[in-house]
Structure formats: structure tokens, C-alpha cells
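Each remark here refers to the structure printed beneath this line.
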Amino acid sequence: MKSKKRIIGVLPVGDVPELAPKVIAAHIVGYLKLAAEILTPLELPAAALDEIHRQYNAATILSGFNSIPFDHYDKVIGVFNVDLFIPTFAYVFGEARQGGKHALVSLFRLTGGNEGRHPPSAILWERAAKVALHELGHLYNLLHCVEKNCLMHYSGGLADLDDIPFYFCRYCNTYFKDALGRP
Amino acid sequence: MDDKMTIMIVDDEKIVRESLFHWFTKLGHTVEKASSGFEALERLEKNPFDLLFVDIKMPEMNGIELLEKVKTEYPETIVVIITAYGSIESAVKAMQLGASDYLLKPFKPDFLSLVMEKITQQIKLSTEYNYLKGRLEKITRFDNIIGQGPAMEKIFDLIPEVAQSDSSILLTGETGTGKELVAKAIHAKSPRSHFPFIPINCGAIPDSLLESELFGHQKGAFTGATHSRKGFLEVVSGGTLFLDEIGEISAKMQIDLLRVLEDKKISRIGNCQSVAVDFRLISATRRDLEQALAAGNFREDFFYRINVITIHIPPLRDRKEDIPLLIEHFLEKYSHETTKRVDHVSRDTIERLTAYEWPGNVRELENAIERAVVLSKSRTLDSQDFAFLQRTPAMFSNPMSLRDMEKHYIQRILEECGWNVTRAAKILDINRVTLHKKIKRFEMQKNIA
């Protein structure tokens, strides 16, 4: 059976550097051979702001995305430049529900590390693309992988994230193909 | 190893339950949620859980109370306490009650990841420990006695039972079956285990020397007795004396030992003064003592003294199901001792070794494996490495009729039982009358030699 055309929507939310969604879309096309489109930016959802911590609740944002019809898109990745958290966790680089439709990527904490200085932009884009591909993996039902050289391996810190190459291990790759209905 | 766990999130706040639920789902774990301590206990009653994340502050039953109940009723379930209101007191209390960790909300994602790594390791170690413990208990429950067939199971069951009493035990069985190992196991399981276990091979020591060894001697008691010396009956005090090849001791020694067993007193050679002794006697023989008794070569009173409990250890050919296990055990032992990496035995070699009759029993098998490991040039032992083993049953090399084979086999069993027809019939699992008929039909005779 011929698989239907899958398009991934990359949605900038709030004040996001213009290059960020472009880089993410390019990596989706390049590494996953999926079509990607950059959507019209949205405003930051005020309801998701936690006034005390000055962070945005990723779980609330994901719930909010459910009410937006992104019918044309198989999956949608929201790109943020604010600090995201989920309840009980201090922060997250990205968030997605297993097998869900929407994922979030935050650039906020990706600029850290590098001995207190802002990292070169190439590193920042690389990190953002890795988080996006990882979260997209979750949207296609991939679990965290034990293989340390796999994009689905969990990275809790920037050092871990930088160590991971742009590569899905054999197992995750097979799983991805299966999820995308590819031979 | 599959690291996936069954996890329950116990928190009265839905948002926390959902958040952790999604987090652990992404790791591939099976996750359930409970909004109260009572609900958690209900779920635990229905299904086992590897790990519980429990919030401290919950109405009705707080997390500490739940932890206490879980650790009492399901001690293997790991509990991690989570709280937004941490205090040293609650942390100490949680750890004292058996919590594996205590996390303050909100936690950094990588911190939770580390906790999960630690817990996975903990579960892995505990699973491995339980597996190995169970395996060791099952297979080598008593020192080095290896076996899992019904014959050895019976002995394994008997050992702890007889170990508790002080009655004399007679171990019977062919040479190399592991009689001394059974004796050691009985001693180890007995209340005397903190005292010595002294084995003496009566068959290897001349009678005069055996007397001195057992009873000790006074200085000058005989030529060469330059010092006074305690005998093993004194040295063993409180422990177990193992007399192997008891069937070989002289009639005089039987009387002397009988007196010791009755009076619990001994006198050193050359000294009239008696000394109280306290020991448990375990004897062993490969001979048919009943036959020796009938022939008048063994004292009846002594026989019944040493034979309060009899344990027969079957020859290896009667418990062939244990042979692969023994091969594995000895292979591991000798490849470790010789530091040679020999860790496999080919399938057909195992079959050949299992088919072999092993007249020297476990000892012969052990020696064969040791020799093969020492001489082997590869990691896998094959038939060539055991070429030195004799093919005992002649029928393999010289094909014979079923009638001849039956005759040959019955003759062998009769000889092994010293022509005790009752015992032979039992081994052959036929009626005594049938056996008598077969002896007559095959014109079998007792081999005088």
C-alpha cells in the first residue's frame, strides 16, 4: 500500500529567532525524509504562564494545541524561546505525548553551557534540531532508547545532548520506518 | 535484560500523576495512577508493582503511612517518596521505613533519570541475586553435592532432617558417589556445625595405627610413642566423626568403638584413666554390610549401633539426569582452577558422557573433566578429549542378542548386590520369584572370584 504524504508542521510560538523553525524543518526533511512546512507564528499562550516561576507549562500548552485544527499536518512541532516546564520537573528541553500529535521544543535552556558564554549559533541550532527529532520520535511512538548514540536516547543535560550524533540506531530506525509505513 | 518496570504514581494531584505518567510511558514502562493511598493498596492487591512513586502529602493516608504498609506487605516493591515540602525529619523517616529515594519537587529531568538508573540497577542486582540464590539452593544446596534428579532430591530432603538428631548414620553407596560430601553436609546442617568434622578412612590405615589415631596414646605406651597424643575421638569433641570404609575395620576395633558409642568414654592407649567424649558418628561403606553380617565378618551389635539411619547414595549411572549438570559444574571449576578458557562441551560429547556407565561415579567424572580441561587445546571439549574413557558396556562394541544382554545385565546387578536377590530384584524392578526364575533359566552362578 502506498503511504500517504506526511507533512510535519513547524510552528513558531512567541518571539522565536527566524532561523530556528527553518533549521528544524530542514533536519526533518534531511534526516527523516518527511515533508516539513513552517506555519504562521502564534502568540505565547498567557494561560500557560506560571507567574511564580516565570515559566510556561508545557502540559497546558499541549492541551491548548489540541483545540487547534492542524488537519493538514500529520504532526506539529511548536518552537519556543521561553522556559518550559512540566509539573514536578524544573524544566524541559522539549515535550511530547507518546503517540500524540503535538510536540514542543524550547530554545531557552539550549543556549546554556559552554562555560557560561552563549554557545556558537551552529551548536544552538544543532541542539534544537536534536530535541525536535527526539520529540518527533515520541510522536511516532518511539520510546527512549538505551543506545547512547541514538537520537532517542534520553539526555537530561546539554553535555549529553551534545554527545548524541544525528543518528537513529538500527532498532529505532526500523521502528520509525514501521511507524511511517515505509518498506 | 529487559529494564521495563511496572510503576504506580500515587499522588492526589492529577497534574502530577499525568506528568509522571507521560514521563515514564516514554521510557517504555507500564504505568498506573492512584489518587490516594487506599487506591494504591487496592491496586497492589490485584497486581504486583516494581516501583511506587509516592507523594507524602495526601489526605486520609499520607505517603509515609502508605510506605510503611507497602514495605510490610510487599517488601520487594521499591518506593520513592516525592514531596514539594521536604524536611529532614520526613526524609529520615522515609529512609528508615525503607524508601529507596526521597525527591523534592520540582526535580531536574536528569536527576530523575539518575534515580531511575539507580533503581534499575537495584532491581537488576536483586533479581540476579534471587536467581542465583535460588539456583544455588536448588542445585548445590549442600556444599558441592550436585543434583536435581529425584534420587538426589530425596537425599537433599533427608539431610536437614537427620542433621538435627544425634543418631548414628550409615552412608552406603559405591566408591566415588560422594558419601563424604553427604557426611559433611549433615555436619554442616547439624547443631554440631561449629565443632570439628573429622574424616578418617579406616580402609587406608592399618588397624594398630587406627587405634592410636582414634584413641590417642600416652607417652611410652608403645615403641615410638615419644609424646602423649590425643586421639581423634577426643579432638572431635562436640563435632562429627566420619569413619569411611567402616566395613574394613577389625573385629577388635568394632568392639572398642562399640564400647565408646555406648559409654561415651575413652581411654588413651597406655592410660587407664577414662575421658568423656561427645561426638556424632557418621560411617560409610561401599560394602554390603548385611552380607558381611550374615557371613559373620561384622558384629551385629556394632552394625545396629552405627546403622540407626541409613542413607543410600545412588551410583551415577542411576541418576544420569544429573550428568550434564555435573559436567557444567566441573567444567567451570577446572577451567577456573587451571585458568584455561574451556567453557563448552559439544552436544554429542554430553550425550556420550551421559551414556557412559561411570563405574567410578562422580569422582571418575570429575577426574575425566579435569583431565580433558588440562589437555584440551580448544574452548570446546569434544569426544576426542574423552577418548581415554573405556566404553564399559561391551554391548556397544560387540553387538549381542537381547537375551544375552539381559543375562549380562542381571549378572552384573546380582554381583553388585552381593547376590542379595531381594535387593537385586528391587533394582531391576521385578518380582523376587521372577528373578529366581531368570537366574535358573540363564543358569547364572555366583562368581567365586
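Below, chain A is the first sequence line, B the second, and so on; all start at residue 1. All heavy atoms count here, side chains included; hydrogens, waters and symmetry mates do not. None of these values were measured; they are calculated from a predicted model.
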Item to check | For chain A, the option from B:Glu13, B:His22, B:Lys26 that forms the most heavy-atom pairs under 4.5 Å | outcome: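 With the most close heavy-atom pairs to chain A, the winner is B:Lys26.
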
Can you name the residues of [range] that have some heavy atom under 4.5 Å away from a heavy atom in chain B?
| range | value |
| --- | --- |
| residues 7-25 of chain A | none |
| residues 54-66 of chain A | A:Asn57 |
| residues 76-103 of chain A | A:Ile86, A:Pro87, A:Thr88, A:Phe89, A:Ala90, A:Tyr91, A:Glu95, A:Ala96, A:Arg97, A:Gln98 |

Checklist entry - Checking B:Leu112 against chain A: side chain, backbone, both or neither under 4.5 Å from a heavy atom? => result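 Just the side chain, heavy atoms under 4.5 Å.
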
Item to check | B:Glu117 side, atom CD; A:Tyr154 side, atom OH - distance, nearest 0.5 Å | outcome: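 These two atoms lie 10.5 Å from each other.
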
[atom1] of [X]: more than 12 outside heavy atoms within 6.0 angstrom?
| X | atom1 | value |
| --- | --- | --- |
| B:Lys105 | NZ | yes |
| B:Tyr102 | OH | yes |
| B:Gln122 | CD | yes |
| A:Tyr171 | OH | no |
| B:Gln384 | CD | no |
| B:Lys71 | NZ | yes |

N/O donor to acceptor pairs below 3.5 angstrom from side-chain atoms of residues 32-48 of chain A, sequence neighbours left out:
residue	atom	partner	partner atom	Å
A:Lys33	NZ	A:Gly30	O	2.7
A:Glu37	OE1	A:Tyr73	OH	2.7

